[in-house]
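Here is the structure we will look at.
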Amino acid sequence: MSSERLRLCGGIVHDPANGIDGEVRDICVEDGVIVADVPRDAPRLDVSGMIVMPGGVDIHCHVASAGVNHARRLMPDERRHDPAPAPQFTDGTGRSGTGGIVPSTFTTGYRYATLGYTTAFDAAVAPLTAKVCHASLDDTPIVDAGFFALMGNDEFLLRQIEAGETGLARDYMAWLLGAVGAYAVKIVNPGGIDAWKAGHRNLNTLDESMRGDRVTPRAILDVLTTVANELGLPHPVHIHCNNLGVPGNVATTLDSMRVVAGRRAHFTHLQFHSYGGERGKSWTSAAAEISDYVNAHPEITADVGQVMFGPALTLSADSPLEYLLHETTGGKWVNLDIELETGCGIVPYNYEEKAAAAALQWVVGLELFLLSNDPWRVVLSTDHPNGGSFLAYPQLIELLMSRDARRECFERLNPRFLAGSALADGLAREYTLNEIAIVTRAGPARILGLKRKGHLGVGADADVTVYQRSDRIAEMFSMPRYVLKSGVLVVEEGQLRRAPPGRRLHIRPGYDEAVVSNIRKHFEDFSTMRFESYPVRNLKDRPLNL
Amino acid sequence: MPVSTDRPVICLGCGCACDDLSVSVAAGRITGIENACPLGLKWFRDGNFPAAIQCDGVDVSFDRAITTAAEILFANPRRTLIYVSDDVSCAAHGEATALADRIGATIDGPTSDTVADGLLAAQRRGRASATLGELRHRADVVIFWGVDPSARYPRFMERFVTPQPVFATARTLIAVDVDAAHGPRVCGERITLSSRHEVDALSVLRAGLRERGTAPTEGVLAAFVELARRLRSDAKYVAIIFDAEPDDGRRDPDLPEALIAFTQALNASTRAALFALRAGGNRNGFESLLTWQTGFPFAADFAGGHPRYVTDESVAERLSRGRYDAVLVVGSTVNVAVNIAAELKRVPTVIVGPGASEATLAPGVVIDTGAVGIHEGGMVLRMDDVPFEAVPLLSHPTTAADVLRSLSERCAARGSLRS
């Protein structure tokens, strides 16, 4: 933490959380946080005419899990084409690495920072492998980071749901979050991964079950969302619905949203869940139906999971989905079943403009952005690296801010599935800079319950990004002129100059200690690891106050 | 007295990473170990490891050793190899990788000469696998491909195969006996095969998974046609187990890829997972760490200022053609392959690790350190990449990570070697 003071002078500030939309004002920093003022003799940085925003907050990416590391390993060829030499800092030399769609860890931290992003969450970590995630994050500098723990196919929880033991489920979820140093509860394809491991292809509706009538996707969604809300978690539950990527999955997605009605819930990479049509027959955009529902239900938040044309790597706990993709591509495929908890699948993928399905996916994502009436609740992601790299965010921002940019790209697309889509009919909306500030930092921070992130008010972490104003939107957002992380000037004149370690964002909710004997018994009966071996110990940062 | 049981002791004698041992210590030594197999007992010894610091067999100060080591390793750093061996933590792996990055050396380890074929095959094709708990709980058919785990992985069967599965009503054990490499005696079914036909047999199995296969129906491979039919129609979760690091080096280089391809193909009709038996010493930990720091699981050459994947030759091959002028061995040398040990006698060598002063390599700098899981804590990975946190049982004055940090600092004091 830097004790240095700094006054950013004369910038055009976009701080939507504090109602500031393009006002010229100074931002003052002391001891790593935003303060109201600093003495007149404090160092000054002239950012006159430049755009000042809070540091970017990535609500959903895959950067540090054990699965990400398997994905990294799977793509040696693309690394040869993207070497990342060690950056020269003001106080020494950084670490070299490799890039590609899933960069090595140090390179990941550096690239996020030079993009103006200072906070990121790995959205899917098997608790059994959490130690690997923490160690990877220790080697991912600059960004403050945390992860979501996969629970939607957890054996202990499925057994409690079957037995109607909601109280035990609640205490287990609280225990698990604290035991592995996680930040939020993640549900991926509820019940479907369990079914896959049991030899079935998938679950196709919310009422199917492979282990008795009581353990359905509907029940899993209901119990885990209820519990996460009861626990008062800062980010209650992060849901990857059943039937990802399947034509006609809009019905499942809307059904899932109705299950959690009235309770806070976040639906992730919504683009992959907003298709009409029928499997094997037709494929259409259902973004309008989804947007209508989300717009009318303030308890629901979402990130889009935009696909960007070019190479990607699909990586998910949703192993049945990944097998489906493997059947489609016929190429590399990794499947790793993870005992008692979840699965993991990896398939390299390429989104091509001339591929009808990819064109539709691109359109659906943009429609979700453009039809949303509340940017605070529908925020930006590419589900990195599933829909494309986080490095593509500037291009995505340009698509949101420029109708011309969208039209230019749209004209190149395979039109097969695009008839009747809202975007084909022309959506005139262009995001403002303030709306971009909302969907890339203020909104994600609020959805995540991070009170000190995503804004520039007094007491906020001094994570600040300064852009050189330009009409070339993608270029502007690709190369911030300055980036402060916890008050440390990490990017100067567009160059990475410092790389302090990031902080770990995790929580430790309270629970009834009585549950521990049940969990211990579960480990004794089923685990290949002793109960005492399971928790993550000695995290360098304290859990956030709840 | 037994060590407090609130933190399990982890054994790295093989890749099973058993954490159900009970260890007693007294007067700075291990006096008793319960639940350990013979390999585990051998690995822990009595916990009393040497703590020497020597140059050419003569005791020297730590500072003198670091100075001499720096002279050896940094003289021509792009021609230095950092060879990461066994029994050090991922923290030490990280320091070793940082040093390689700083000086432009190559970093590699036993993987290069043992399991590289399998890792490269998995990079070409992917793989279908699982953590060992899925084998224990879910597999209703277990195929041992030319291996009986009892010799090199003594508790593998009792921990992961023999227990009654939770999600299967019964379990069929099948041995594919390859030459003299037989599966466990307990297997109820056996197929005998020559190593010359292993890859062919797996091709037959794959073909047999198709409804209209073109596989042979007689001869030595006919049994595999029937096996494929049964797996396709009857099995729910097939576990295939093979030794990724066989002692005798017996290996058709195409075998790992054939095993991967067959396991993947099986998933069209059932679930199937391939389990690679791996040695202990936290080798999986090094591959995992090197992957997240560089993108590559082994063989990273930093000479160009960034990691480059140099898989065309193994460490032994590179050493034998004189690629390196100096070698830093990080970790125990107990399991360093004979051919590599022979090559190391011809190159100035620095050894930093548990039992370094007991190594029978050529004289050079040796700095004894503690072993992870005995004297040091830190993350270690099981053969299926499941992480554990090792607990120190005894004290040792030196850790490998600290020595490597000192070398890095000495390097920094000399200025960048890379520019």
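Model, not experiment: these values are computed from the prediction.
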Pair [X] + [Y], salt bridge at N-O below 4.0 Å:
{"X": "B:Glu389", "Y": "A:Arg537", "answer": "no"}
{"X": "A:Glu78", "Y": "A:Lys332", "answer": "no"}
{"X": "A:Arg159", "Y": "A:Glu155", "answer": "yes"}
{"X": "A:Asp337", "Y": "B:Arg271", "answer": "no"}

Measure from the side-chain N and O atoms of [X] to the backbone N and O of [Y], and report whether any donor-acceptor pair falls under 3.5 Å.
{"X": "A:Asp122", "Y": "A:Phe147", "answer": "no"}
{"X": "B:Glu134", "Y": "B:Ala273", "answer": "no"}
{"X": "A:Asn69", "Y": "B:Ser288", "answer": "yes"}

Consider only side-chain N and O atoms of [X] and [Y], and report whether a donor and an acceptor are under 3.5 Å apart.
{"X": "A:Glu322", "Y": "A:Ser316", "value": "no"}
{"X": "B:Thr111", "Y": "B:Glu287", "value": "yes"}
{"X": "A:Asn202", "Y": "A:Asn189", "value": "yes"}

Quick one: what part of [X] sits under 4.5 Å from any heavy atom of chain B, side chain, backbone, both or neither?
{"X": "A:His200", "answer": "backbone"}
{"X": "A:Met75", "answer": "neither"}
{"X": "A:Ala66", "answer": "neither"}
{"X": "A:Asp139", "answer": "side chain"}
{"X": "A:Leu340", "answer": "both"}
{"X": "A:Phe526", "answer": "both"}
{"X": "A:Arg72", "answer": "both"}
{"X": "A:Ala198", "answer": "both"}
{"X": "A:Asp525", "answer": "backbone"}
{"X": "A:Glu341", "answer": "neither"}
{"X": "A:Thr140", "answer": "neither"}

Which atoms of [X] are under 4.5 Å from chain A, going by heavy atoms: the side chain, the backbone, both sets, or neither?
{"X": "B:Leu381", "answer": "side chain"}
{"X": "B:Thr263", "answer": "neither"}
{"X": "B:Tyr237", "answer": "side chain"}
{"X": "B:Leu135", "answer": "neither"}
{"X": "B:Phe388", "answer": "both"}
{"X": "B:Ala168", "answer": "neither"}
{"X": "B:Arg308", "answer": "neither"}
{"X": "B:Ala98", "answer": "both"}
{"X": "B:Ala122", "answer": "backbone"}

Quick check for you: among [options], which has the greatest number of heavy-atom pairs under 4.5 Å with chain B?
{"options": "A:Arg79, A:His326, A:Arg73", "answer": "A:Arg73"}
{"options": "A:Ile338, A:Ile346, A:Thr129", "answer": "A:Ile338"}
{"options": "A:Thr105, A:Val102, A:Val68", "answer": "A:Thr105"}
{"options": "A:Gly199, A:Pro85, A:Pro76", "answer": "A:Pro76"}
{"options": "A:Pro535, A:Ala84, A:Ala135", "answer": "A:Ala135"}
{"options": "A:Thr98, A:Thr108, A:Thr107", "answer": "A:Thr98"}

For chain A, which of [options] has the most heavy-atom pairs under 4.5 Å?
{"options": "B:Lys236, B:Arg136, B:Arg124", "answer": "B:Arg136"}
{"options": "B:Leu289, B:Leu120, B:Thr270, B:Val166", "answer": "B:Val166"}
{"options": "B:Ala17, B:Ala268, B:Gly94", "answer": "B:Ala268"}
{"options": "B:Thr97, B:Leu119, B:Asn267", "answer": "B:Asn267"}

ask   = Under the side-chain hydrogen bond (donor to acceptor under 3.5 Å, both in side chains) test, which residues partner B:Arg405, sequence neighbours left out?
value = B:Glu95, B:Asp402

key: Atom of B:Ser112, atom of B:Phe298 and distance for their closest heavy-atom approach   = CA-CD1, 3.8 Å

Qualifying salt bridge (Lys or Arg N to Asp or Glu O under 4.0 Å) pairs with a residue from residues 81-96 of chain A, counting only residues at least two apart or across chains = A:Asp82-A:Arg111, A:Arg95-B:Asp101

message = Counting C-beta onward and ignoring hydrogens, is there a side-chain heavy-atom pair between A:Thr93 and B:Arg102 closer than 4.5 Å?
response = no

task = Kindly state whether the ring of A:His522 and the ring of A:Phe531 have centres lying under 6.0 angstrom apart.
result = no

message = Classify the ring geometry of A:Tyr534 against A:Trp175: parallel below 30°, tilted from 30° to 60°, perpendicular beyond 60°.
response = parallel

task = Among B:Met379, B:His93, B:Arg382, find the residue that satisfies the side-chain contact (heavy atoms from CB on, under 4.5 Å) test when tested with B:Asn282.
result = B:His93

